[in-house]
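See structure below.
The chains referred to below are lettered A, B, ... by the order of the sequence lines, with proteins before strands, and numbering in each begins at 1.
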There are 2 protein chains.
Amino acid sequence: MTIDTFSALEVDKIIQGDSLTVLRSLPDSCINFIFTSPPYADNRKKTYKGIPIKEYVTWFLPISSELKRVLKADGTFILNIKERTEDGERQTYVLELILEMRKQGWLWTEEYIWHKKNCYPGRWPNRFRDAWERCLQFNKQKNFKMYQEAVMVPIGDWSKKRLAKLSETDRIRDVSKVGSGFGKNVSNWLGKRFVYPTNVLHLSTECANRGHSASFPYSLPAWFIRLFTQEEDIVLDPFIGSGTSAIACLDLNRHYVGIEAMESYTNLARESVNNWKAGHNGHSKKLI
Amino acid sequence: MTIDTFSALEVDKIIQGDSLTVLRSLPDSCINFIFTSPPYADNRKKTYKGIPIKEYVTWFLPISSELKRVLKADGTFILNIKERTEDGERQTYVLELILEMRKQGWLWTEEYIWHKKNCYPGRWPNRFRDAWERCLQFNKQKNFKMYQEAVMVPIGDWSKKRLAKLSETDRIRDVSKVGSGFGKNVSNWLGKRFVYPTNVLHLSTECANRGHSASFPYSLPAWFIRLFTQEEDIVLDPFIGSGTSAIACLDLNRHYVGIEAMESYTNLARESVNNWKAGHNGHSKKLI
DNA sequence: GTTCCGCATGAATCGATAG
DNA sequence: ACTATCGATTCATGCGGAA
């Protein structure tokens, strides 16, 4: 990254505004990694958090085009999404989106499965509970940065527990141990036998009553951020919601750029960031 | 099922021949359930087990059309498939296949994830081990046969604590919803030992215990056969390979129709069937 | 500081009812 | 007929307070 980039790109901020508009104001090739969980399709509510199914692809494509522009050549874009059912069918807009994004020049590199261990309850005569979501990986070129060692897990049964419990409690423990960084911490871990994970992630959704609901658990962006970035890298979340990705960046010593359209969510995200800083003795991350 | 159907459809057989050709000889609407794991796409090997990627959709569509014809109106088709990577990208033929099959009139009802707990080992610089496959559910109409009780799983350990004491809030919460449903609700939970599964299946890739290698484990077709059929129903596998689906049918007292193009696999499947019958004291399943 | 235990919650989905 | 809203269904988990 160059000085020029930094002079044009302000990092560690939650920007309030329309995602497409804000993205257009960002410089080319300034972002190391993009993680986002965009608003899901919803025919019923025509609010911010509900894009009609039929308009979904059309709505997203200009955004993915800008994301491709701002992403560095060796960067990665992870899109967390799951299609809705309508009229008893899985809708196909996510499939269409993948095909259209490839026409934009994106490579569809991989599809990770987020297995939601505590999925929503319910019972229906024609289907079971939906316990998984897609984490689609897109890249600009075949060679991209990937730091597999940062997400290695201990071998054996408790490795699954370890991966599953990478949430709030874990965060505190890690911070209290080391200030130098999460990846280092993990690699120094007690056992010497570590194994690479697979493309299936077993994470629970957080369900505590904290005044707001995170649409995805802290550990989801954290896992991908560790996998695709190094410290001081810049992470973009164009639909940051309540700020989960930003908190993950703070913990992992990455820079973040968050965009959020709704004022209430923006305030919530900024508050989360301030709480994090307060919890770390007022020491905010050193800015370049 | 009518007598006519049976006179035209011979069940409990492994038919050797080209799948499309054989399918065309079957009567309309005679099959209760279709499960198959078709030959994977592969550009390099031009063998039976390798359909070129670019031809895959074109190759499969006439087959899926015939499958739709032979399936009963309330039947289900489960397609176990996973796209290959080529040039560092996930290929898109499965996505395209879903879209094209919908144009044929199929409903894309659901996508189950088969999580392969002991997936193939290996390491690559740009991806992790692939630990999941798609099990795509297609139907002819919104209302289809589904026997959810047949695949219920033991309830989690949490229930022991949870049900040990009935707290005040349980009562309040129930009352707030349905008013009169409290007693009934609690009594249901107290006796409950099994719950419904989700759309994520955790199965190992272990094969049938006969020393024959199968591309998918016995438990995968068995699970779906139990879910979508009753005893005496007819199950079709148009790419039956070494006969795993047939063995599952024998165990579950379902009729099977298997199709296999290669003579060697056909012999293997027939041998598996014979071994099964020998292991059951020569009593083959009663034929109608 | 640990462990234990109660409890509210969740990117859900269907079918019935209402406009 | 067609769309919008609402109630019913249901289970594993993290969190917070208690022991």
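A:E133 pairs in a side-chain hydrogen bond (donor to acceptor under 3.5 Å, both in side chains) with only one of the listed residues (A:K116, A:K82, A:H115), which is A:K116.
Between B:Q230 and B:Y147, the side chains place a donor N or O and an acceptor N or O closer than 3.5 Å (distance only, hydrogens not considered).
One P atom belongs to D:dA8, the other to C:dA11, and the distance between them is 22 Å to the nearest Å. When the P atom is used for both C:dA16 and D:dT10, the distance is 16 Å, rounded to whole Å.
Applying the 4.0 Å criterion to OP1 and OP2 of C:dC14, one finds that A:R127 has a side-chain N or O inside that range. Between C:dA12 and A:T85, no contact under 4.0 Å exists linking OP1 or OP2 to a side-chain N or O. Here A:N118 does not reach the OP1 or OP2 of C:dT9: none of its side-chain N or O atoms lies under 4.0 Å away.
One atom, CE of B:M146, and another, P of C:dT13, lie 13 Å apart when rounded to the nearest Å. Between A:K117 atom NZ and C:dA12 atom C1' the separation is 20 Å, expressed in whole Å. Atom CG in A:L203 sits about 13 Å away from atom C1' in D:dG14, given to the nearest Å. Atom CZ of B:R193 and atom P of D:dT10 are 18 Å apart (whole Å). When rounded to the nearest whole Å, the span between CZ of A:F128 and P of C:dC14 equals 13 Å. Note: CD (B:Q148) to P (D:dT9) measures 15 Å, nearest angstrom. Atoms CD1 (A:I51) and P (C:dA11) sit 18 Å apart, rounded to a whole Å. We find that CZ of A:R129 is positioned 19 Å from P of C:dT9, with the value rounded to whole Å.
Picking from C:dG10, C:dA11, D:dA12 the nucleotide with the shortest atom distance to the side chain of B:I155 gives D:dA12. The listed nucleotides are C:dT13, C:dA11, D:dT10; the one nearest the side chain of A:E133 is C:dA11. Minimum atom distance to the side chain of A:S204 is reached by D:dG14, of the listed C:dC14, D:dG14, D:dA12. The side chain of A:W124 approaches D:dT9 more closely than any other nucleotide in the set D:dT10, D:dA12, D:dT9. For A:N126, whose side chain is taken as the heavy atoms from C-beta onward, the closest listed nucleotide among C:dC14, C:dA11, D:dC11 is C:dC14. Among the nucleotides C:dG15, C:dA12, D:dC11, the one closest to the side chain of B:V195 is D:dC11.
Every residue two or more places apart in sequence or in another chain was checked for a ring-ring contact (aromatic ring centres under 6.0 Å, His included) with A:F144, and none qualifies. Contacts of A:T198 classified as side-chain hydrogen bond (donor to acceptor under 3.5 Å, both in side chains), with partners at least two apart in sequence or in another chain: none. Contacts of A:T266 classified as side-chain hydrogen bond (donor to acceptor under 3.5 Å, both in side chains), with partners at least two apart in sequence or in another chain: none. Checked against side-chain contact (heavy atoms from CB on, under 4.5 Å), B:E100 has the following partners two or more places apart in sequence or in another chain: B:V57, B:L61, B:K103. For B:F228, the ring-ring contact (aromatic ring centres under 6.0 Å, His included) test picks out B:F33, with sequence neighbours left out.
Using a 4.0 Å heavy-atom distance criterion, A:N80 is classed as making no nucleic acid contact. Using a 4.0 Å heavy-atom cutoff across all strands shown, A:R134 reaches no nucleic acid atom at all.
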### Query
Taking only Watson-Crick and G-U wobble pairs with both distances under 3.5 Å, what dot-bracket line describes DNA chain D, where [ ] shows pairs that cross earlier ones and | shows pairs with another strand?
.||||||||.|||||||||
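Taking the centre of each ring, B:Y112 and B:F224 come in below the 6.0 Å mark. When ring centroids are compared, A:F60 and A:W106 stay outside the 6.0 Å threshold.
Nearest-nucleotide mapping onto DNA chain D: of A:R123 and A:T205, the residue sitting toward the 5' end is A:R123. Where A:C119 and A:D87 each meet DNA chain C at their nearest nucleotide, the meeting point lying more 5' is that of A:C119. Along DNA chain C, the nucleotide nearest A:P38 and the nucleotide nearest A:G88 are compared for position; the residue whose nucleotide lies closer to the 5' end is A:P38.
By the 5.5 Å and 30° criteria, A:Y120 is not stacked with the base of C:dG10.
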